[in-house]
Each structure stands twice: as C-alpha cells, then as structure tokens.
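Please read these numbers as outputs of a predicted model, since none were measured by experiment.
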Amino acid sequence: SQSVKEETEQLKKIANGSINGDEAIAILSSIFPTDSLNWTQVDVEDFLAGVYRLPPGLIDQVMLAFPDNYNFPDYE
C-alpha cells in the first residue's frame with residue numbers, strides 16, 4: 001500500500017541518519033504505538049523485515065533509533 005511505501009522510505013531515512021532525534025522518535029512511535037501493544041524486540045524486528053522488507057543492517061540502525069521506553073535489550 002502507499003502508506004507502507006511511505007513508511008518504508010521514512011524508516012530507511014532513519015536508518016541512514018537523515019531523519020533523527022525527535023522526528024525519528026515521532027515516526028517510530030506512530031508506526032509502533034505503545035498504548036495498545038507492548039512491542040517486543042523480536043516483534044519489531046520481524047515487522048521491519050516482513051512488512052517493510054528491510055535488510056538486517058537497516059533493521060539494526062532503525063532499532064537503535066527507538067527511544068528507551070521500548071526496552072530492546074540488544075540495542076541498549
């Protein structure tokens with residue numbers, strides 16, 4: 001869908017550092033809201049790979065951009 005394509009582009013920009021800080025956190029919080037679901041690290045990694053088709057290197061970079069409240073132990 002168009003929204004997945006747009007979000008994929010945003011995630012790639014987060015991975016390469018062209019979107020960072022508060023803007024990156026706002027995008028990640030929008031795609032992975034914590035109010036209705038407690039995302040695990042594996043859930044998010046699987047979602048990034050399956051839905052957005054991101055390769056492992058980009059997934060690692062995106063995971064590092066998440067704020068601390070997501071509590072992903074391998075990326076602290």
Student: Would you say the side chain of L28 lies within less than 4.5 Å of the side chain of L11, judging by non-hydrogen atoms?
Tutor: yes

Student: Could you tell me if the ring centre of F66 sits under 6.0 Å from that of F72?
Tutor: yes

Student: Any side-chain heavy-atom pair from E76 and N71 closer than 4.5 angstrom?
Tutor: yes

Student: Under the side-chain contact (heavy atoms from CB on, under 4.5 Å) criterion, do L37 and F32 qualify, and how do the steps go?
Tutor: CA-CA 8 Å; L37 192 58; F32 300 98; over 6 Å; no

Student: Nearest 0.5 angstrom please: N38 CG to Y70 OH, how far?
Tutor: 10.5 Å

Student: Would you give the length of the straight line joining atom CG of D46 to atom CD1 of I59, rounded to the nearest 0.5 angstrom?
Tutor: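 Interatomic distance, D46 CG to I59 CD1, rounded to 0.5 Å: 8.5 Å.
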
Student: Tell me, which pairs form a side-chain hydrogen bond (donor to acceptor under 3.5 Å, both in side chains) where one or both residues lie in residues 17-27, sequence neighbours left out?
Tutor: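 Sorted pair list: N16-S18.
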
Student: Determine, using the 4.5 Å side-chain heavy-atom cutoff (strictly less than), whether V44 and I25 are members of one ILVMFWY cluster.
Tutor: no

Student: When you compare the side chain of W39 with that of I31, does any pair of heavy atoms fall below 4.5 Å?
Tutor: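 I31 does not reach W39 side chain to side chain.
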
Student: Treating T8 as the side-chain partner and V4 as the backbone partner, does any N or O pair qualify as donor plus acceptor under 3.5 Å?
Tutor: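 Such a contact is found between T8 side chain and V4 backbone.
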
Student: Give the minimum heavy-atom separation between A15 and Q61, together with the two atoms involved.
Tutor: O-CB, 3.4 Å

Student: If you draw a 6.0 Å radius around CG in D74, do more than 12 non-hydrogen atoms from other residues or ligands fall strictly inside?
Tutor: yes

Student: I'd like to check the side-chain hydrogen bond (donor to acceptor under 3.5 Å, both in side chains) partners of Y52; sequence neighbours left out, ordered by chain and number.
Tutor: E7

